[in-house]
Amino acid sequence: MPDRAPQPVDRQLPTDEARDLISLVRDIAQHEIAPKAAEEEGAGHFPREVFTLLSRAGLLGLPYGSEHGGADQPYEVYLQVLEELAAARLTVGLGVSVHTLASYALATYGTKEQQVEHLPAMLGGGLLGAYCLSEPSSGSDAASLRTRAVRDGDDWVITGTKAWITHGGVADFYTVMARTGEEGPRGITAFLVPADAEGVSAAAPEKKMGMKGSPTAQVHFDGVRVPDGRRIGDEGQGFAIALSALDSGRLGIAACAIGVAQAALDEAVGYATGRQQFGRPIADFQGLRFMLADMATQIEAGRALYLAAARLRDAGRPFAKQAAMAKLHCTDTAMKVTIDAVQVLGGYGYTADFPAERYMREAKVLQIVEGTNQIQRMVIARHLAGPETR
């Protein structure tokens, strides 16, 4: 057993309500999520019951308006909730981030009538969402998507396949980007598609190196008919909606990455202060002490970066560049910190008896999802030097 128990992150929160919220999240994480994480991840079990609990606790609609079932929390607070959840189990933290991403289009671009009809169930009624942009042949080049929606009277008929969909096959609704017009970004429209609509199906989940409890699957739309009342925004506005959602979603990934990194650091510190070699704790050796210090410093830098971007967003200021920076730095930090945590534990770090190896496997995907880190560098560079010349 470690001699030094990890201490909770000392958070700077704007209100007493936010502090109470973090206390609630920590209680749920400690008692309902973390104790089952290793076993359920190993078994590939998706914890739908946890998401039901989070919905009942009001934690699936934190950054959205209370008039529709949200909690009116600033992103500065919402992201720290995500970090706490991801530290307990990334499947849960990332799942909440994806659900928030899937709800963004309707909450931000939907009509008042659409919001009144759908948002209460999405934000606090136990539903779980998924975001459908990527396809088998269009990942980073999302504007080349081929899923098509054709107008038929007052309905749209959607046909195509989406790929790499978190919650594919278990979601209750899909926010779908489909081509309704010309090639390129101006021909894409957003739709809210119920998962039980005729023609919606999911392939078997992908077999992944990590996050085995979170299903990632292709979702097929075979002539799925949806009314025009489920079109979100204007025709041709879908790609702009998708990019706007991803700016916010990248902050969610950044927060989840810092959560995983913090969990790995806590594991490393606990082990290093309890493990005895040569008659003293291995944490006494300067090589390890410096490694732990570097891990902690990078985590604090990442947390400050994502919070700075969140505060820009909360103030209504541009934050796309800072969101890309946060996603890039925080996910690279998670990868480095989790690798170092395995090294601190030595041979034990390479076994499934300790969570360090799981953290390392999970961290890798965060450098890929919602825009690879190579894409983030392109986004940042465009803000600095302008678009690439052709």
Side-chain angles (χ1 to χ4, degrees), residues 6 29 33-47 50 82-98 134 139 163-170 204-218 249-250 252-272 291-292 294-296 298-299 302 327-374 376:
I33 300 174
K36 305 174 184 177
E39 179 182 355
E40 292 188 351
E41 284 297 323
H45 172 74
F46 177 65
V50 170
L82 282 188
E83 185 189 327
E84 294 280 346
L85 293 173
R89 186 178 178 185
L90 182 58
T91 285
V92 175
L94 186 70
V96 173
S97 181
V98 166
S134 294
W164 310 112
I165 305 305
T166 300
H167 300 156
V170 299
E206 306 288 350
K207 297 179 180 179
K208 302 175 297 186
M209 67 183 287
M211 285 193 69
K212 297 181 179 180
S214 176
T216 303
Q218 290 190 356
R250 284 165 181 161
I253 299 302
C256 287
I258 293 301
V260 173
Q262 185 68 56
L265 174 63
D266 290 345
E267 179 71 13
V269 170
Y271 182 87
M291 184 182 292
L292 296 173
D294 287 344
M295 294 160 72
Q298 289 301 304
I299 289 170
K327 200 273 185 184
L328 170 63
H329 175 84
C330 293
T331 59
D332 281 353
T333 290
M335 194 72 254
K336 178 66 165 62
V337 167
T338 55
I339 289 173
D340 285 348
V342 170
Q343 189 70 21
V344 169
L345 271 67
Y348 290 111
Y350 201 67
T351 72
D353 294 327
F354 291 79
E357 60 84 29
R358 172 165 59 89
Y359 298 146
M360 186 178 76
R361 290 185 288 105
E362 291 177 341
K364 184 61 208 174
V365 75
L366 299 175
Q367 295 177 302
I368 299 171
V369 296
E370 294 191 30
T372 67
N373 282 6
Q374 287 69 33
Q376 304 313 312

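- The CG atom of L366 sits 6.0 Å away from atom CD1 of I253, with the distance rounded to the nearest 0.5 Å.
- Taking CG from D294 and CD1 from I299, the interatomic distance works out to 11.0 Å, rounded to the nearest 0.5 Å.
- Across A334 and A261, no two heavy atoms sit closer than the pair CA-CB, 4.0 Å.
- Between the side chain of K208 and the backbone N or O of S214 there is at least one donor-acceptor pair closer than 3.5 Å.
- Distance alone, capped at 3.5 Å, places no donor-acceptor pair between the E206 side chain and the T216 backbone.
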Mind running side chain to side chain contact (heavy atoms under 4.5 Å, CB included) on E362 and E41 for me, showing each step along the way?
CA-CA 11 Å; E362 291 177 341; E41 284 297 323; 4.1 Å; yes

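- Contact between L90 and C256 at its shortest, heavy atoms only, is CD1-CB, 3.8 Å.
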Walk me through whether K336 and D340 qualify under salt bridge (Lys or Arg N to Asp or Glu O under 4.0 Å).
CA-CA 6 Å; K336 178 66 165 62; D340 285 348; 2.6 Å; yes

Checklist line | Worked verdict on I165 versus Q218 for side chain to side chain contact (heavy atoms under 4.5 Å, CB included) | finding: CA-CA 6 Å; I165 305 305; Q218 290 190 356; over 6 Å; no

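- For the side-chain contact (heavy atoms from CB on, under 4.5 Å) test with M295, the passing option among V337, T338, T333 is V337; the others fail.
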For F354 and E267: C-alpha separation, side-chain torsions, deciding distance, then whether side chain to side chain contact (heavy atoms under 4.5 Å, CB included) applies. CA-CA 9 Å; F354 291 79; E267 179 71 13; 3.4 Å; yes

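- Residue A204 comes nearest to A217 through the heavy atom pair O-CB, 4.1 Å, listed as atom of the first residue, atom of the second, then distance.
- At distances below 3.5 Å, not a single donor-acceptor pair connects side-chain atoms of K36 with backbone N or O atoms of P47.
- Contact detail for F46 and P215: the closest heavy-atom pair is CD1-CD, 3.4 Å.
- Under a 3.5 Å cut-off, the side chain of E83 and the backbone N or O of A255 do not form any donor-acceptor pair.
- Checking side-chain atoms of T351 against main-chain N and O of Y348 turns up a donor-acceptor pair under 3.5 Å.
- The side-chain contact (heavy atoms from CB on, under 4.5 Å) test with V96 singles out one residue from L82, V50, T91, and that residue is L82.
- Counting heavy atoms from C-beta outward, H45 and E39 have side chains that stay 4.5 Å or more apart.
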Quick one, M335 with M360, criterion side chain to side chain contact (heavy atoms under 4.5 Å, CB included). Give me CA distance, side-chain angles, the key distance, then yes/no.
CA-CA 6 Å; M335 194 72 254; M360 186 178 76; 3.7 Å; yes

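- When all heavy atoms of L265 and L292 are compared, the closest pair comes out as CD1-O, 4.0 Å.
- Using modelled atom types, no side-chain atom of R250 and backbone atom of G371 make a donor-acceptor pair closer than 3.5 Å.
- One finds the CG atom of L345 at 11.0 Å from the CG atom of D353 (value rounded to the nearest 0.5 Å).
- The pair E40-R89 meets the salt-bridge criterion, with a side-chain N (NZ, NE, NH1 or NH2) lying under 4.0 Å from an Asp/Glu carboxylate O.
- When each of Q298, K327, Q367 is tested with D332 by the rule side-chain contact (heavy atoms from CB on, under 4.5 Å), just one qualifies, namely Q367.
- Residues A257 and C330 share a closest heavy-atom pair of CB-O, 3.5 Å.
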